[in-house]
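Predicted, not measured: the structure shown is a model, and the values here were computed from it. For this chain, numbers begin at 1 and follow the sequence in order.
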Amino acid sequence: IAHKTPQQLAEVARAAVLLDGVTHMVMTTGTPPGDDRGAQVLADSAAAIKATVQLPLQGQCEPPERDHWFERMKAAGIDTLGLHLEAVSEAVRARVMPGKAQVPVSRYLAAFEAAVEVFGRGQVSTYILAGLGDTREQILAMCERLVALGVYPFVVPFVPISGTPMEDHPPPEAAWMRSILEPLGAMVSAAGLRS
C-alpha cells in the first residue's frame, strides 16, 4: 500500500466492492523504515477505507516498536492483524531474512500478547514457512506458545520461486509437513481457534 495514498486505496476498495463483489481486504506494508513498522500507513489507510465503504480489513505489518499502535490500528478500522514470523529460530531468521531478523522473536511474542489484548483471541495471526531450516520440534513448540497466547499460526510449506536467491532451496516433503500439520490441527482445535 506504500505506493498509494489512503484516499486512493479507499477508492480502489470502493470500486472492488461495487464492481467485483469483494467482501474483505488484506493490506500489507512490508517493512518500511520507522519504529511504527508500517502501522501508521495501515491506520491511515484503514480509516480512509472505512469512511468510504464498510469492508472487513486485515492489516499486516511487522511488530511496531510500541504497543499503542495496536489500539490505533483497531480504532482506525483494522479488524484482524497479521504479524508474520515466517521462521521461528533466530539462526534461521538471520540466515534467510537478515533484515526482518533485526526484530527478534522476543519482540514478536510480546507484540502478539499485546495485539491479542486489543484484537481478541483468534483475530491475530502469523505465518510460518516450514522448510526454511527450523526443525519440526521448533515449529510445533512455537505454535504451542502462539496458540496459548490466542494467535492463530498458519504453517505453510516453503515453495521455491525461480529467479529468486532461494530458487534451488528444496520444498519440504509431504510426510514432514503432515508430521507438523496433524498435531497443529489438534492443537488449534483444542484451543477453540478458528481460521
Query raised in the report: Does C143 reach the side chain of V155, with side-chain heavy atoms less than 4.5 Å apart?
Result: yes
Report task. Measure from the side-chain N and O atoms of R121 to the backbone N and O of A191, and report whether any donor-acceptor pair falls under 3.5 Å. Result -> yes
Query raised in the report: Hey, is CD on E173 packed in by over 12 heavy atoms from elsewhere, all under 6.0 Å?
Result: no
Requested in this report: Could you give me the CA-CA distance, side-chain angles and deciding distance for R37 and E65, then say whether side chain to side chain contact (heavy atoms under 4.5 Å, CB included) is met?
Outcome: CA-CA 8 Å; R37 296 196 178 97; E65 202 61 38; 2.9 Å; yes
Query raised in the report: Are there more than 12 heavy atoms of other residues, nucleotides or ligands under 6.0 Å from atom CZ of R145?
Result: no
Query raised in the report: If we only count heavy atoms from C-beta on, is the I128 to V156 side-chain gap below 4.5 Å?
Result: no
Query raised in the report: Do C61 and M27 have side chains that get closer than 4.5 Å, going by heavy atoms?
Result: no
Query - Polar side-chain atom of K100 near backbone of H84 as donor-acceptor pair, under 3.5 Å - result: yes
Query raised in the report: Passes side chain to side chain contact (heavy atoms under 4.5 Å, CB included), S125 versus Q60? Steps please.
Result: CA-CA 9 Å; S125 61; Q60 298 180 353; over 6 Å; no
**Report entry** Exercise: identify the closest heavy-atom pair between P153 and L146
**Finding:** CB-CD1, 4.0 Å
Query raised in the report: Do the ring planes of F70 and F119 sit parallel (below 30°), tilted (30 to 60°) or perpendicular (above 60°)?
Result: perpendicular
Query raised in the report: When rounded to the nearest 0.5 angstrom, what is the spacing between CZ in R72 and CZ in R66?
Result: 9.0 Å
Query raised in the report: Any sub-3.5 Å donor-acceptor pair from Q138's side-chain atoms to D134's backbone N or O?
Result: no
Query raised in the report: Do any pairs count as a ring pair (Phe, Tyr, Trp, His ring centres under 6.0 Å) and have a residue in residues 17-69, sequence neighbours left out, and if so which ones?
Result: none
Report task. Of all the heavy-atom pairs spanning V22 and V17, show the shortest one and how long it is. Result -> O-CG2, 3.7 Å
Requested in this report: Would you mind checking if K50 and D79 are paired as a salt bridge, meaning a charged N to carboxylate O distance below 4.0 Å?
Outcome: yes
Requested in this report: Looking only at non-hydrogen atoms, find the nearest pair between D36 and P33 and report the distance.
Outcome: OD1-O, 4.4 Å
Requested in this report: Determine the minimum heavy-atom distance between A111 and P63, stating which atoms define it.
Outcome: CB-CB, 3.6 Å
**Report entry** Over 12 non-hydrogen atoms of neighbours within 6.0 angstrom of CD in E86
**Finding:** yes
Report task. Look at the side-chain heavy atoms of Ile, Leu, Val, Met, Phe, Trp and Tyr, link any pair under 4.5 Å apart, and say whether I78 and V12 land in one connected group. Result -> no
Query raised in the report: Does the side chain of P171 come within less than 4.5 Å of P160's, by heavy atoms?
Result: yes
Report task. Would you check if the side chain of Q8 reaches a backbone N or O of T5 as a donor-acceptor pair within less than 3.5 Å? Result -> yes
Report task. Measure across L132 and A87 and return the closest heavy-atom pair with its distance rounded to 0.1 Å. Result -> CD1-CB, 4.4 Å
Query raised in the report: When rounded to the nearest 0.5 angstrom, what is the spacing between CD in E62 and CD in Q102?
Result: 11.0 Å
Query raised in the report: Quick one: are V188 and Y152 in side-chain contact, heavy atoms under 4.5 Å?
Result: yes
Query raised in the report: Looking only at atom types and distance, does a side-chain atom of H169 sit under 3.5 Å from a main-chain N or O of G131, one as donor and one as acceptor?
Result: yes
**Report entry** Side-chain H-bond candidate by donor/acceptor type, T52 with R14, under 3.5 Å
**Finding:** no
**Report entry** Carboxylate-amine/guanidinium proximity below 4.0 Å for D67 and R107
**Finding:** yes
Query raised in the report: Got a second to check how far M97's CE is from L85's CG, nearest 0.5 Å?
Result: 8.5 Å
Query raised in the report: Going from CZ on F112 to CG on L81, what distance comes out if it is rounded to the nearest 0.5 angstrom?
Result: 9.0 Å
**Report entry** Single-linkage hydrophobic cluster, 4.5 Å side-chain cutoff, V159 and W176 together
**Finding:** no
Query - Point-to-point distance, once rounded to the nearest 0.5 Å, from OG1 of T126 to CE of M142 - result: 9.0 Å
Report task. May I ask you to decide if A186's main-chain N or O and S189's side chain share a donor-acceptor pair within less than 3.5 Å? Result -> no
Query raised in the report: Where the side chain of R93 meets the backbone of P104, is there a donor-acceptor pair that is under 3.5 Å apart?
Result: no
**Report entry** Separation of L184 CG from I139 CD1 (nearest 0.5 Å)
**Finding:** 10.0 Å
Requested in this report: Over all heavy atoms of both residues, which pair between P56 and T23 is shortest? Give the atoms and the distance, please.
Outcome: CD-O, 3.2 Å
**Report entry** Residues, nucleotides or ligands: over 12 heavy atoms within 6.0 Å of I161 CD1
**Finding:** no
